[in-house]
Amino acid sequence: VIIRPVINQEQTLFMGVMYLKPFVTASVHQGGDVIDVCFSSRFKLTFHDVTSAIINFLPVFKTGVPSDTGQRQKLYKENSLTENDITCLEDIYDRLVINGLMMLQPIDRQDISSRRDSFYSMITDHPKSFADYLGKLNIALIGCGGLGSTILLSLVNAGFRNFHLIDDDMIEHSNVTRSPFFTLSD
């Protein structure tokens with residue numbers, strides 16, 4: 001089940017910049033005029049007749065490009081790209097957006113939750129909002145022994161914050177080795 005948070009259109013229009021998602025890689029073929037853009041192991045996009053100017057411009061997609069076509073055109077012209085290069089870059093941009101490889105929020109690599117946000121970027125274009133959404137959900141966990149406590153730890157690391165823990169059992173010595181929450185004194 002994929003849960004997508006609702007993002008209102010005002011937020012999307014306000015952001016105005018698209019960023020290439022983490023885990024997207026580009027490789028140039030031997031001849032230098034073909035690029036493969038891959039996202040995890042799910043799929044590959046191939047672009048032909050690519051010039052060195054386009055290859056040199058592609059890192060800008062990671063740092064952010066305007067979502068507005070006019071602003072993108074201005075950026076291309078500032079970088080002295082030819083009309084053919086611009087047409088090719090627009091095709092690359094459109095195909096990246098259509099295939100969900102661009103997102104509206106950058107991943108802050110200095111943030112403690114950047115790895116989690118990078119993972120969420122595979123699910124949604126709004127990883128921070130998705131993390132906030134998960135943090136507001138209520139989770140009921142039945143059984144807090146060896147397996148339940150390990151599941152709880154994984155859910156906390158994934159970003160869930162509200163739990164109802166249910167267990168009518170007593171802690172036994174055999175639980176201690178399988179749980180990060182109990183000691184022999186419990």
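All values below were derived from every heavy atom in this structure, side-chain atoms included, with hydrogens, water molecules and symmetry-related copies excluded.
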Heavy-atom side-chain proximity of [X] to [Y] below 4.5 angstrom:
X: Val65; Y: Met102; result: yes
X: Leu58; Y: Ile35; result: yes
X: Leu89; Y: Tyr93; result: no
X: Glu90; Y: Thr69; result: yes
X: Glu83; Y: Lys77; result: yes
X: Ile92; Y: Ile54; result: yes

First locate atom [atom1] of [X], then atom [atom2] of [Y], and finally report the distance between them rounded to the nearest 0.5 Å.
X: His29; Y: Asp36; atom1: NE2; atom2: CG; answer: 3.0 Å
X: Lys44; Y: Asn99; atom1: NZ; atom2: CG; answer: 14.0 Å
X: Asn79; Y: Asp85; atom1: CG; atom2: CG; answer: 11.0 Å
X: Asp132; Y: Leu137; atom1: CG; atom2: CG; answer: 11.0 Å

Show me the side-chain donor-acceptor pairs of residues 140-160 shorter than 3.5 Å, one per line, residues at least two apart or across chains.
| unit_1 | atom_1 | unit_2 | atom_2 | d |
| --- | --- | --- | --- | --- |
| Ser149 | OG | Gly145 | O | 2.7 |
| Ser149 | OG | Gly146 | O | 3.3 |
| Ser149 | OG | Ser179 | OG | 3.1 |
| Thr150 | OG1 | Gly146 | O | 2.9 |
| Ser154 | OG | Thr150 | O | 3.3 |
| Asn157 | ND2 | Leu153 | O | 3.4 |

Quick check on the hydrophobic clustering: are Val28 and Val50 connected, directly or via other members, by side-chain heavy-atom contacts under 4.5 Å?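 Result: yes, single cluster for both.
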
Please answer: with hydrophobic residues joined when any side-chain heavy atoms are less than 4.5 Å apart, are Leu96 and Val34 in the same cluster?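 Different hydrophobic clusters.
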
Got more than 12 heavy atoms from elsewhere within 6.0 Å of CZ, Phe119?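 12 or below, so no.
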
Salt bridge (charged side-chain N to carboxylate O under 4.0 Å, His left out) contacts touching residues 160-170 (sequence neighbours left out):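 Qualifying pairs, neighbours excluded: none.
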
Output all residues satisfying ring pair (Phe, Tyr, Trp, His ring centres under 6.0 Å) with Phe57, sequence neighbours left out; order by chain, then residue number.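 For Phe57, the residues satisfying ring pair (Phe, Tyr, Trp, His ring centres under 6.0 Å) (neighbours in sequence not counted) are Tyr76.
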
Nearest atoms (heavy-atom pairs only) where Ala131 meets Asp117: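 So the minimum-distance heavy-atom pair works out to CB-OD1, 4.2 Å.
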
Can you name the nearest heavy-atom pair linking Pro66 to Leu75, along with the distance?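 Residues Pro66 and Leu75, closest heavy atoms: CD-CD2, 4.0 Å.
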
